[in-house]
Amino acid sequence: MLKNLVIVESPAKAKTIEKFLGSDYKVMSSYGHIRDLKKKELSIDTETLEPHYEVPDEKQKLVKELRQCAGQASQVWLASDEDREGEAISWHLCEVLGLDEKNTNRIVFHEITKPAILEAIKHPRHIDMNLVNAQQARRVLDRLVGFKLSPVLWRKVKPALSAGRVQSVAVRLIVEREREIQAFKSEPYYRVAAVFALTAADGSATEVKAELDTRFKAHSEVEAFLESCKDATFRVSSVAKKPLRRMPAPPFTTSTLQQEAARKLGFTVSQTMMIAQRLYESGRITYMRTDSVNLSTLCLAASRDEIVRLWGERYSKTRQYHTHAKGAQEAHEAIRPTYMDATTIDGTAQEKRLYDLIWKRTAASQMADAEIEKTTVTIAIEPAGGKAAAGAPQFTATGEVVKFDGFLKVYRESSDDDDQGADEGSRLLPPMAEGQELQRREVTATERFSQGPVRYTEASLVHKLEELGIGRPSTYAPTISTIQQRDYVHKGDHKGEERQYTVDTLKGKVVTQKTRTEMAGSDKGKLLPTDIGIVVNDFLMKYFPVIMDYNFTAKVEQKFDEIAEGSEKWTDMMKDFYRDFEPVVEKTLNTRSEHKAGERELGTDPATGKPVFVKIGRYGPVVQIGAADDNDKPRFAQLPSDKGMETITLDEALELFKLPRELGEFEGHKVTVGAGRFGPYILHNKKYVSLPKEDDPLTVTLGKAVALIEKKRLLEQQRHIKTFNGDNPIEVLNGRYGPYLTFGGKNYRLPKAMHARAADLTLEECVEVIDAAEQKSEQKKK
DNA sequence: CAGTGAGCGAGCTTCCGCTTGACTT
């Protein structure tokens, strides 16, 4: 007879708890929610706003098992998380399993330790229906927004698009950032740096770098300043030492882990989560989806022991952190190693690196402040035969000395823009005294340009969403991939532009000027909005500004809190919302407009006099000449990936219609030039030949095309070096990178040594190469 | 890395949050 059944959300958690509780308890997992709104329908009564739940197919088997065990148990303990979603999971379990109020207990614990769980069992309570209702409100609201808005987009923009409370705002952030960048006008300015020489106490010569505290706007100011430096005297006017304390960052939450793993290890958001999941399942770390920075007392003690053991008493400082994030639910702990005494672990290279990061961050959070001494030296410029005027520009040199490293011994948090100058401040200054004269070596004025806003990365977008209280730890990674899957946003490289800047240098008594070039504004792996993303965003902003408001989530969260406290009825909130929302949806669906969303007219086609415009077609952005109701059919051309709907010009659009172009005839078949998915090509007698980069498809001649066709034929002939016939023939072929083997639909590279005698290879040799390659890939799998 | 070059006009698409497998590229 089963005495006690405990149900938690995660199987890994179930396994741990079962160990603590002994043989009278069986612990099972619900694997998250067991019941939800129907997948394919709205599943909400639009009159009463009541939801219709169902157990999805993939959960049926599990529910059956749970029901069986619950039926046999004399006591059932519902131990899902203490937040809104957790309470709802418990309630759904009650409903679906038909649990009896009398012998069902709701319990919660904040850390997975034996005493905490035993304590929780001593204080069972009932299901908190207010909290459950707050979850139902959240669920129903999200479904209404998602399932009402998406069909509007199918009709007005393009099929299979989607909109939602979280994803649409995520896209908005990216679209608006891109527009800010477009609108930003970079202003030049001049930064002045100098090198001074001085003699140290021991007689050796050293140098000091210093920067001018004034930045010049005009080049004429630079010229005047450098001129004034020629005969000036440079004198130390003050030396100030200031102690600084630096505190460690709090332990990891999902969002901070994603950011640091991106910055320090180069992981994508979803990579981080997958690796963390494996570490969690193998018992290495605590739960990886959390917004809490709290550490258990167990971890505090273990960290302390470990830090004292490794670095001594002085490095330890026990700290408790508190979560301020908006909407944080604190059902879990921070992400930390399960056992702090495990400084390294077994596993893949990626698992080791992520674990190491988590270990160091956790340890650092329990370590002493770093103590730093910052020295600032100001250097006055005294004109020949005079004194420095008050308020005149002066040079400053800064140096830092770490007096006590504290937590810096293990961990330093990265920031998004520290690719340059990270070590700038950490250099040491030679001793200098007030009034000391320094020898000027070189003064350099470099032209710089003011920096515009920065594009989001996956991780910095997550950070922003968290700041706005939008989305939850379990949805950050899925949201990032949804907006990319829908083609609203893509991770890509933005080509920068070449830019010239001047460098003026004063050396001795001579000023020289040089012009240099650099690439400006290039960006790698950042999130860029697509045309579809921009059009959908503008459309939603126009018709549904309430949903797109950055504060929408915060406002509804406030309502959810009121429901959780019992001061507002959840169905009332839903009715209020739907009463305002539904008519807008209807109105938007029924407004017939002349133009499609995002349509933009570029001008008239000089050849036909018909209008030329861009719009979102069924398969993405297209240029169209002539309207559909015209006598002639309109002509279409897909927008190439390097052109945007907002920026393409009439001339660029007309270019697209110049292909395919007929060149003439060859061997009785037409020769045409077209543009395909992989660039321009020549088509002749159903055979395609790629056009090399140096040939322009708009000007290429028939002669050149024929030459390319013949070259391709020759290559084709030479491609087959040798064939070993059989049931599965092995072929030796000539490829772009030398000879290779093909067998059973797969290709195998030949060792370099065999290249020269590719034509003389025996069947045995080929089989050997294939077997060796197969074995290698087998090993890799393991 | 080993060669590529589409487009019917029916019926489908879609949300956010909990949580892991069991399926193939």
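Please read all numbers here as calculations on a predicted model, not as lab measurements. Residue numbers begin at 1 in each chain, while the letters A, B, ... track the order of the sequences.
A:G471 comes within 4.0 angstrom of the backbone, heavy atoms only, and of no base. Within 4.0 Å of A:Q638, counting heavy atoms only, lies at least one base atom of the nucleic acid. Residue contacts for A:V145: at a heavy-atom cut-off of 4.0 Å it reaches no nucleic acid atom on any strand shown.
Two residues are said to be in side-chain contact when any heavy atoms from C-beta on lie closer than 4.5 Å; A:L468 and A:K464 meet this criterion. Put simply, the side chain of A:Y578 reaches to within 4.5 Å of the side chain of A:L49, judged on heavy atoms.
Straight-line distance from the CG atom of A:L683 to the P atom of B:dA6: 9 Å, rounded to whole Å. Between A:L37 atom CG and B:dC15 atom P the separation is 14 Å, expressed in whole Å. What separates CG of A:L144 from C1' of B:dG17 is a distance of 16 Å, to the nearest Å. Here B:dA6 presents its C1' atom at 11 Å from OH of A:Y681, a figure rounded to the nearest Å. A:I470 has its CD1 atom 13 Å from the C1' atom of B:dC16, to the nearest Å. Atoms CD (A:Q624) and P (B:dG7) sit 19 Å apart, rounded to a whole Å. Separating the CZ atom of A:F581 from the C1' atom of B:dC15 is a distance of 11 Å, rounded to the nearest angstrom. A:H92 places its NE2 atom 15 Å from the P atom of B:dG17, with the value rounded to the nearest Å.
Put simply, the residue from A:R139, A:H33, A:R472 that forms a side chain to side chain contact (heavy atoms under 4.5 Å, CB included) with A:E85 is A:H33. Among A:I483, A:T482, A:V489, the single residue meeting the side chain to side chain contact (heavy atoms under 4.5 Å, CB included) criterion with A:R486 is A:T482.
Put simply, the side chain of A:S690 and the base of B:dG5 share a donor and an acceptor less than 3.5 Å apart. Judged by atom type and distance alone, A:R138 reaches the base of B:dC16 through a side-chain donor-acceptor pair under 3.5 Å.
To the nearest whole angstrom, the two C1' atoms, one in B:dT13 and one in B:dG9, are 16 Å apart. Distance check on atom P: B:dG17 versus B:dG21 gives 23 Å, rounded to whole Å. Rounded to the nearest Å, the gap between the P atom of B:dA22 and that of B:dC18 is 24 Å.
Atom CZ of A:R155 has 12 or fewer heavy atoms from other residues, nucleotides or ligands within 6.0 Å. Within 6.0 Å of CE on A:M28 lie more than 12 heavy atoms contributed by other residues, nucleotides or ligands. Other residues, nucleotides and ligands contribute over 12 non-hydrogen atoms within 6.0 Å of the CD atom of A:E95.
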Any protein N or O atoms within reach of nucleotides 10-14 of chain B? Criterion: under 3.5 Å, listing atom names and distances.
{"residue": "B:dG11", "atom": "O6", "partner": "A:R618", "partner atom": "NH2", "Å": "2.9"}
{"residue": "B:dT13", "atom": "OP1", "partner": "A:K40", "partner atom": "NZ", "Å": "2.6"}
{"residue": "B:dT13", "atom": "O2", "partner": "A:A160", "partner atom": "N", "Å": "2.3"}
{"residue": "B:dT14", "atom": "O4", "partner": "A:K40", "partner atom": "O", "Å": "3.1"}

Original post:
What string of B, S and - do you get for nucleotides 19-25 of chain B 5' to 3' if you count protein non-hydrogen atoms under 4.0 Å?
Top reply: BS-----
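For DNA chain B, if you chain together Watson-Crick or G-U pairs that step i with j, i+1 with j-1 and so on, you find no run of at least three with distances under 3.5 Å.
With salt bridges taken as basic N to acidic carboxylate O contacts below 4.0 Å, one links A:E87 and A:R106.
Looking only at atom types and distance, the side chain of A:H332 has a donor-acceptor partner in the side chain of A:D81 under 3.5 Å away. Counted by atom type alone, A:Q136 and A:N133 present one or more donor-acceptor pairs between their side chains at under 3.5 Å. A:S80 and A:S90 are linked by a side-chain donor-acceptor pair at a separation below 3.5 angstrom, with hydrogens and angles left out of the test. Using modelled atom types, one finds a donor on one side chain and an acceptor on the other under 3.5 Å when comparing A:R165 with A:T553.
B:dC18 adopts an anti glycosidic conformation, its chi angle falling more than 90° from 0.
Residue A:R472 places at least one side-chain N or O under 4.0 Å from the OP1 or OP2 atom of B:dC18.
Between A:Y543 and A:F539, the ring planes are tilted. Angles from 30° to 60° get that label.
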